[in-house]
Amino acid sequence: MNRGGQWFAKFLFTGVLPILGLAVLAWLSHGPDWAWALAALAFACMALVRTRQLSLLAAWLDAPDGSELPDAGGAGGKVLRKLARKLRHDARSRQAVEERLRSFREAMDAVPDGLVILDSSHQIHWSNRAAGEHLGIRLPRDSGAIIEHLVRTPGFAEYLAGSDASAPFVLQSPAARTRVYTVRVVPLGERNKLLVSLDVTDARRVESMRSTFVANVSHELRTPLTVVSGFLEHFADDGVIDAEQRQQFARLMSDQTARMLTLVDDLLTLSRLEAEDAPASEEDVDMADLLAQLLAEGQSLSEGRHRLDVRCDGPAVRGNRKELHSAFGNLVSNAIRYTPAGGSIDIEWRVRDQVGAFSVRDSGVGIAAEHLPRVTERFYRVDRGRSRDTGGTGLGLAIVKHILLRHQASLAIESEVGEGSTFRVEFPAWRLKPAA
Ligand code: ADP
């Protein structure tokens, strides 16, 4: 017997048959009128109980989760309890599904790539947070919108319509024009598509910096190489140049070769600094000793054309001596190269407010304010001619910046055209090592 049959049999044996039995007994003892009256009363009571159970059910269904099902008693009450249990179980399952859906959405929003689900007519069904940043798509506002109506970059609609989705499409974000994204379309099921966008701004910037750098290096090497190859052609053409000319050419070639060597040296230094995050070794660098060395080297470079002064009033610095010597030496050499004869250069080391400051002040040509933020870039020169004439490679301050970064030190530049410049390097207190 199925469950419906079981319930009917129960209803028959516990409800209808006892009433009929009582009615038969009443018929036999008191006659048919009593029997009919008793049966009618019993059935009316049954109907009343059922009506009450139904109204309780109706009231409970209005708030199935919030309140306990009232005990209606009897077989009807059992039905209600079973129904309540089933509804509660359904509610719990729904809650679990919603919980899982929420976790899934949170995970998708944490993905850095933009994801958009499109149907066959390119209507937006769903998208994650990154798609909002990359493509300007926001849900629920844009749910159901045609994506081509939102992303209006020329060529995007053709890309979506095209069959070759393997190659990515490059676009600038409609939201932030400075960023670049690639978009790829992946088939999803029978008719839907998944659009994936990637932020490639940084990769593109690195790529462009790399190609600019290669172009700069090639350009820097090309000039001396052209000069040297020109002289070599003259040498090959024997008999055309006399001994004096030959000597002059050899000297000029040697200058150009030295220039190339300096450039290669600086490039190697830069690449080594970029390859490692921190100096290989550190020690307590005696600043009085280092400043004396800088003074001697400066005087030799200046050849008496400038007045050089040194003031040292501070402790040792924890760092790599070779690197600090290279950084400070670059600043001193710049001061000499960009200061006309008769000018002065002051080199100083002192501690103020627990900050160790190394500074090189010159009375040279100075730097206009608009150039200041860029002078530490590789190959950036304010005056290309002057830099070359004095043997500059355009990499000095880039090397200084890298070394200081590795020593958690900062570089500040104050300058005025025609008045001079001050390059100040500041070390954090923990790098200062007062004598024991
Ligand atoms: P360079 O080899 O050309 O000197 P740097 O990286 O050392 O390259 O310096 C970058 C540019 O900053 C220089 O070309 C120059 O224009 C400017 N500069 C650097 N130091 C000074 C200074 N002390 N006075 C004036 N200009 C300077």
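Both counts, for ligands and for their atoms, begin at 1 and track the order of listing.
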For side chain to side chain contact (heavy atoms under 4.5 Å, CB included), just list the numbers for Val185 and Tyr159, CA-CA rounded to whole Å, side-chain angles, deciding distance to a tenth of an Å, and then say yes or no. CA-CA 9 Å; Val185 175; Tyr159 172 76; 3.8 Å; yes
Are any of the N or O atoms of [X] closer than 3.5 Å to those of ligand 1?
X      : answer
Ala398 : no
Gly394 : yes
Gly366 : no

What atoms in ligand 1 come closer than 4.0 Å to a heavy atom of [X]?
X      : value
Thr393 : 2 (O)
Gly396 : 5 (P), 6 (O), 7 (O)
Arg381 : 3 (O), 14 (O)
Gly392 : 2 (O)
Ser387 : 1 (P), 2 (O), 3 (O), 14 (O)
Ser421 : 24 (N)
Arg337 : 1 (P), 2 (O), 4 (O)

With heavy atoms only and a cut-off of under 4.0 Å, state how Phe423 meets ligand 1: side chain, backbone, both or neither. side chain
Is it the side chain, the backbone, both or neither of His371 that has a heavy atom closer than 4.0 Å to ligand 1? neither
Using a strict cut-off of less than 4.0 Å between a Lys/Arg side-chain nitrogen and an Asp/Glu carboxylate oxygen, indicate whether [X] and [Y] qualify as a salt bridge.
X      : Y      : value
Asp346 : Arg361 : yes
Arg386 : Asp389 : no
Asp309 : Arg311 : no

Which residue and non-hydrogen atom of the protein lie closest to [atom], and at what distance in Å?
atom                    : value
atom 23 (N) of ligand 1 : Asp362 OD2, 2.9 Å
atom 10 (C) of ligand 1 : Tyr380 O, 3.3 Å
atom 26 (N) of ligand 1 : Ile367 CG1, 3.3 Å
atom 21 (C) of ligand 1 : Tyr338 CD1, 3.5 Å
atom 5 (P) of ligand 1  : Leu397 N, 3.6 Å
atom 16 (O) of ligand 1 : Val382 N, 3.0 Å
atom 19 (C) of ligand 1 : Asn334 ND2, 3.5 Å
atom 12 (O) of ligand 1 : Val375 CG1, 3.6 Å

Starting at NE2 of His325, measure out to CG of Leu291 and round the result to the nearest 0.5 Å. 10.5 Å
What distance do Leu324 atom CG and Glu283 atom CD have between them, rounded to the nearest 0.5 Å? 9.0 Å
I'd like to know if the side chain of [X] and the backbone of [Y] have a donor-acceptor N/O pair within less than 3.5 Å.
X      : Y      : answer
Asp142 : Ile137 : no
Arg52  : Val49  : no
Arg318 : Glu282 : yes
Arg381 : Thr393 : yes
Ser326 : Lys322 : no

Contact check, side chains of Leu270 and Asp266, non-hydrogen atoms, under 4.5 Å: no
Under a 4.5 Å cut-off applied to non-hydrogen side-chain atoms, are Ile336 and Leu308 in contact? yes
Can you find a non-hydrogen atom of Gly364 under 4.0 Å from ligand 1? no
With a 4.0 Å cut-off on heavy atoms, is Arg386 in contact with ligand 1? no
